[in-house]
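Order of listing sets the numbers, starting from 1, for every ligand and every atom in it.
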Amino acid sequence: MPIDLRSDTVTTPTSELRQAMLTALVGDDVYGEDPTVNALQDKVAAMLGFEAALFVPSGVMANQVAIAAHVQRGEEVICAAGAHIYEYELGMMAAFSGAAPRFVPAPLGVPDAADVRRAIGRSVHQSPTGLIALENTHNKAGGCVVPLEVIAAIREVSLTEGIPLHLDGARVWNAVAALGVQPLEITKHFDSAAVCLSKGLGAPVGSVVAGSAAFIKQCHRYRKMMGGGMRQAGILAAAGLHVLEHGLQRLPADHKRARRLADGLVAAGWQVNLAAVQTNMVYITVPDAAATVTAWAARGVRAGVMGATSVRLVTHFQISDADIDTALELIGSAIPEAVLA
Ligand code: TLP
C-alpha cells in the first residue's frame, strides 16, 4: 500500500464511524425532517456561536452558497492571495454569484487589515465590495494559521465599513488545535463560517455553513439551486456527529507528524519553508512538481501537485509515526536532483 499524503481528504471511514452511519435515524431533509441532520446543524451552530447552520455535501458548496447569500452581482469579494474560494472553486463565485475576487497580499496566509481596507471598492468606477473572506487555516500558504489578533483587526474593518466577513474554515479545526482555543474564539469574529467534516476530522463527506437564521434561509435556497438538496442525509450527518465527537483531539498528532516530515525533508536537502509548517501540511518547492510526484509515487509515496513547482504532503489520522519514518526513507534520503534524474 502506498503512503497516501496527497490530502487529509483521502481517509477511509473507521468501523466505528460506519456503525454510527448504519444506525442513524433519518427522514427527508428537503422537508427539514431528518433528525440526525437537524442534530448536526444544531450542534455546529452552537459550537461556532451562530443562530443556524446548514449541512451541505462539500466545502465548495458551503463557501459558494455563503457567497451567493452575501453578495450582489457585480460586487467583489476581498480575499487573501491564493484563497481556495477562487483558486480551487472553478470560478463559481463568478459563474453562480456574478462576483469577482480581489486578492490582498497574504504572507503565510495572513492578510493585513490595512490592505483589506485599501482594497475596498469606493469610487464610481469600481465594483463595490460585497464580502471579505478569510481562510483559516490557509491551504495554499501551507496550512498556515491566521492569528486571532489579525482576525479581530479585519473584523474591525468589516464592521466599520459595513461589509460582511466570511470564514472559509474547511480546516478551522486545525487552526483551533494549533491555537489551543475553542472554535468560538475564531468564529465569533465572522458573519458566516463554512467548516468541513471530511478533512482532518475524517468523515467521508460533508460540510456545514453557519450564520444568522435569515442568512441560512438564503443558503438553503442556493443549496437547492446547486442541486445540493439531499434526502435521507442523516446517514451522512451521523458521520459528521461522530467525527466532531472523536476527531478533534487527534489533530495535534497530525501536526507533530507534519513537522517531523518537514524537518526530515529539509535535512535531506528538499526546499521547505519551515515557517509555513504550522499544522498538517508540508509544501515543497521543486523544479518540476509533476515529475517529482511521479518519481515519489514509483517509490510508494503519494503527494499532490499544487502548482508547477509546488508539491504538497498532508498528514491525517491514517498516517502513523512509522509511515513518516518510511516516507522519509523512501523520498527523504534522495537529493532532489537524483529523484528527478
Ligand atoms: N481542498 C482540497 C483541494 O480542493 C485543494 C484539498 O485537498 O486541500 N476550502 C479549503 C480551504 C479547502 O482546502 C478545500 C478543499 C475546500 C474549501 C473545499 O472542500 P471540498 O473539497 O469538500 O469541496
With a 4.0 Å cut-off, would you call R260 and D263 a salt bridge? no
Charged N to carboxylate O under 4.0 angstrom, E161 versus R122? yes
So do the side chains of S212 and F50 get within less than 4.5 Å of each other, counting heavy atoms only? no
For residues T292 and W270, determine if any side-chain heavy atom of one lies less than 4.5 Å from a side-chain heavy atom of the other. yes
Select one of side chain, backbone, both or neither to describe which atoms of D8 lie under 4.0 Å from any atom of ligand 1, heavy atoms only. neither
Which one holds for S58 and ligand 1: side chain close, backbone close, both close, or neither close, with close meaning a heavy atom under 4.0 Å?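 Both parts.
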State whether the side chain of D191 and the backbone N or O of L165 hold a donor-acceptor pair below 3.5 Å, judged by distance alone.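 Such a contact is found between D191 side chain and L165 backbone.
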Protein heavy atom at shortest distance from [atom]:
{"atom": "atom 3 (C) of ligand 1", "value": "H84 NE2, 3.7 Å"}
{"atom": "atom 11 (C) of ligand 1", "value": "E135 OE2, 3.3 Å"}
{"atom": "atom 9 (N) of ligand 1", "value": "D168 OD2, 2.8 Å"}

Check for me whether E89 has a heavy atom closer than 4.0 Å to any atom of ligand 1. yes
Going by heavy-atom distance to atom 19 (O) of ligand 1, choose the closest among K199, M281, R312. K199
Could you work out, for atom 7 (O) of ligand 1, the closest of A83, A194, S7 by heavy-atom distance? S7
